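Right, one structure below, let's go through it.
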Amino acid sequence: MTARSKRLASVPRVTAVLLAVLALGAGALVNAPMAGASVRPACIWQPLYLLNGWQAQGLYGTGDPMYCVDGAMVYLTGSLDQSAAGGQEFAVLPPQAAPASTSYFTVYTLNGTAGVLRIEPGGGMYAYGGAATWFTSLAGISFPAAQSAPAGQSLALENGWQSAQGNYGTGDPSFFVSGNITHLSGSVTNNATNPDGDFAVFPTIDGPDNCVETNVYTSGGTVGWLRIDPSLNTMTVQDEGPGGATTSAAGFTSLAGISFPSTGTPWQPLNLENNWEPVYNNQCWNGDTSYYISGRVVYLAGALAPDPYSPHGSGPVATLPLAARPAHTLYLTVNEELAPPASLEIKPDGTMYLFGGLKPTFTSLAGVSYQASS
């Protein structure tokens with residue numbers, strides 16, 4: 001266990017109820033302060049009213065559990081825990097913020113373990129797996145709103161992969177483009193034994209500038225590895241861990257929550273610190289470590305690793321500029337190719353920390369996005 005994860009583990013759980021949230025009254029609006037300049041005003045955050053013993057996790061500066069609707073997309077923020085034994089359902093989204101289909105996400109839970117967030121079309125929100133009852137982060141989660149998102153374009157599936165909609169009600173694998181941002185949704189499955197991990201062809205015009213490697217939810221709450229390769233126009237999914245077998249991924253892979261800027265995005269450099277350095281995958285070019293702000297949403301890209309000849313210590317790996325800093329501390333999972341996920345902490349002062357089971361040669365920031373007012 002790292003020093004940073006020990007810090008999280010050593011603090012006792014909170015037991016206070018959401019008095020501050022309840023004081024707002026039903027339907028009250030909460031406008032979280034912006035940490036930095038923005039071309040557009042902050043997204044209007046609204047509280048999630050918690051159920052079954054779930055409560056806001058107030059120890060780590062992560063903010064109360066909230067949601068906001070920004071155009072066609074719904075964004076989540078904050079964190080929660082469960083003070084007493086109860087059900088997995090922790091809140092219900094209103095109809096204007098509910099997804100069209102059941103959506104599964106991998107989320108950060110206490111000590112960097114991977115948990116599950118499930119959101120139903122009726123708005124029911126469920127947290128489980130990992131150490132969810134002790135600490136579940138909602139940071140960085142986004143999905144299309146059923147009432148406002150445009151109809152998606154179908155992904156061209158290949159190699160025996162097919163939609164998992166019929167089995168799980170998770171929607172057909174599809175995407176839509178809003179501005180210069182591509183949003184994925186739906187799920188895939190494959191009944192073949194040891195299937196090829198390439199499951200879809202992605203249109204060049206809507207693809208990313210560089211390789212996107214990110215975590216996805218796969219069968220049984222496991223964490224899978226998704227790669228979008230713009231040079232080959234392919235989408236690939238495999239299980240994380242040695243060998244990269246596709247057993248869990250073929251059983252079920254969720255595409256919910258995956259968004260990235262499309263080709264031609266003016267990425268800005270993200271300078272690394274404390275002997276961390278950018279790394280490049282020759283098989284799928286991932287580009288420089290960088291950030292991009294689209295309206296109110298911050299996107300990260302690139303990959304990094306510690307300099308093998310210089311100790312990197314416990315300092316930040318990078319510091320985001322003012323406009324890209326969140327209002328609260330964010331905890332997210334990040335991809336390490338065919339290895340268990342690592343954890344990313346982003347603080348309101350812009351400092352970024354990596355911890356957990358870090359792979360010494362490759363940690364991807366691609367696929368990370370969040371509202372700047374989170």
Side-chain angles (χ1 to χ4, degrees), residues 4-5 8-9 13 48 50-52 54-57 59-68 73-82 87-91 93 97 99 102-120 123-143 170 184-185 187 214-226 240 248 252-259 300 326 328-336 340-346 353-357 364-371 374:
R4 300 200 68 79
S5 61
L8 279 176
R13 298 169 62 200
L48 289 169
L50 301 180
L51 313 169
N52 296 320
W54 290 91
Q55 61 186 13
Q57 222 303 332
L59 295 177
Y60 309 124
T62 49
D64 292 340
M66 297 187 182
Y67 74 95
C68 73
M73 299 295 294
V74 179
Y75 294 86
L76 305 181
T77 192
S79 64
L80 64 160
D81 68 9
Q82 194 173 44
Q88 296 174 342
E89 186 176 25
F90 65 85
L93 287 165
T102 301
S103 301
Y104 289 87
F105 309 86
T106 293
V107 291
Y108 174 100
T109 69
L110 189 69
N111 291 336
T113 55
V116 179
L117 169 66
R118 186 178 87 245
I119 306 178
E120 300 287 350
M125 307 177 74
Y126 303 78
Y128 52 94
T133 59
W134 290 90
F135 179 93
T136 294
S137 172
L138 303 179
I141 298 297
S142 65
F143 54 89
T170 45
L184 304 183
S185 60
S187 59
T214 189
N215 297 324
V216 287
Y217 173 98
T218 54
S219 181
T222 56
V223 181
W225 165 72
L226 174 74
E240 288 195 336
S248 295
F252 178 87
T253 292
S254 172
L255 304 180
I258 299 171
S259 297
L300 302 182
H328 302 93
T329 299
L330 311 182
Y331 288 97
L332 312 103
T333 66
V334 287
N335 178 261
E336 298 205 319
S343 300
L344 173 65
E345 177 187 18
I346 307 177
Y353 298 86
L354 284 170
F355 60 97
S364 173
L365 299 179
V368 172
S369 64
Y370 56 90
Q371 282 276 341
S374 294

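Just so we're clear, the structure is a prediction, and the values are computed from it rather than from any experiment.
Put simply, CD1 on Ile258 and OG1 on Thr214 are 6.0 Å apart, with the number rounded to the nearest 0.5 Å. The distance from atom CG of Leu93 to atom CD1 of Ile119, rounded to the nearest 0.5 Å, is 6.0 Å. Interatomic distance, Gln371 CD to Thr77 OG1, rounded to the nearest 0.5 Å: 9.0 Å. The distance from the CZ atom of Phe355 to the OH atom of Tyr331 is 6.0 Å, given to the nearest 0.5 Å. Here CG of Leu138 is found 6.5 Å from CG of Leu117. Values are rounded to the nearest 0.5 Å. A distance of 8.5 Å separates OG1 of Thr136 from CG of Asp81, quoted to the nearest 0.5 Å.
When every heavy atom of Gly63 is checked against every heavy atom of His328, the shortest pair comes out as CA-CD2, 3.7 Å. The two residues Ala256 and Ser254 come nearest to each other via the heavy atoms N-OG, 3.2 Å. Of all non-hydrogen atoms in Pro341 and Thr333, the two that sit nearest each other are CB-CB, 4.3 Å. When every heavy atom of Ser343 is checked against every heavy atom of Gly112, the shortest pair comes out as OG-CA, 3.3 Å. For the pair Leu80 and Pro65, the tightest heavy-atom approach, listed with the atom from each and the gap, is CB-CG, 4.0 Å. Heavy-atom minimum distance, Tyr67 versus Leu48: CD2-CD2, 3.7 Å.
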(request) Test Val223 against Thr218 for side-chain contact (heavy atoms from CB on, under 4.5 Å), laying out the working first. (result) CA-CA 6 Å; Val223 181; Thr218 54; 5.7 Å; no

(request) Please report the C-alpha distance between Leu76 and Met125 in whole Å, then the side-chain angles of each, then the deciding distance to 0.1 Å, and finally whether the side-chain contact (heavy atoms from CB on, under 4.5 Å) criterion is met. (result) CA-CA 11 Å; Leu76 305 181; Met125 307 177 74; 3.7 Å; yes

(message) Please evaluate residues Phe135 and Thr62 with respect to the criterion side-chain contact (heavy atoms from CB on, under 4.5 Å), reporting the C-alpha separation (whole Å), side-chain torsions for both, the decisive distance (0.1 Å), and the verdict.
(response) CA-CA 11 Å; Phe135 179 93; Thr62 49; 4.1 Å; yes

(request) Evaluate the side-chain contact (heavy atoms from CB on, under 4.5 Å) criterion for residues Leu330 and Ser374: first the C-alpha distance (whole Å), next the side-chain angles of each, then the deciding distance (0.1 Å), finally the verdict. (result) CA-CA 8 Å; Leu330 311 182; Ser374 294; 3.9 Å; yes

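A side-chain donor-acceptor contact under 3.5 Å links Thr170 and Ser187. Residues Ser219 and Ser248 bring no donor and acceptor atom of their side chains to less than 3.5 Å of each other. Looking only at atom types and distance, the side chain of Glu240 has a donor-acceptor partner in the side chain of Asn335 under 3.5 Å away.
For the side chain to side chain contact (heavy atoms under 4.5 Å, CB included) with Leu332, the qualifying choice from Leu300, Asn215, Val368, Thr106 is Val368, the only one to do so.
Scanning for side-chain hydrogen bond (donor to acceptor under 3.5 Å, both in side chains) contacts around Glu120 gives Thr102, Arg118, with sequence neighbours left out. The side-chain hydrogen bond (donor to acceptor under 3.5 Å, both in side chains) search around Ser185 returns Ser174, not counting sequence neighbours.
Judged by distance alone, the side chain of Trp54 and the main-chain N or O of Gly87 form a donor-acceptor pair under 3.5 Å. Using a distance-only test at 3.5 Å, with no hydrogens or angles considered, a donor-acceptor pair links the side chain of Asn52 to the main chain of Glu89. No donor-acceptor distance shorter than 3.5 angstrom exists from the side chain of Gln55 to the backbone of Gln57, with no hydrogens or angles considered. Looking at Thr109, its side chain does come within 3.5 Å of a backbone N or O of Ala131 through a donor-acceptor pair.
Looking at Val116 and Tyr217, their side chains come closer than 4.5 Å, going by heavy atoms from C-beta outward.
Tyr75 has its ring centre no less than 6.0 Å from the ring centre of Tyr370.
Under the 30°/60° scheme for interplanar angles, the aromatic rings of Phe143 and Phe105 are found to be tilted.
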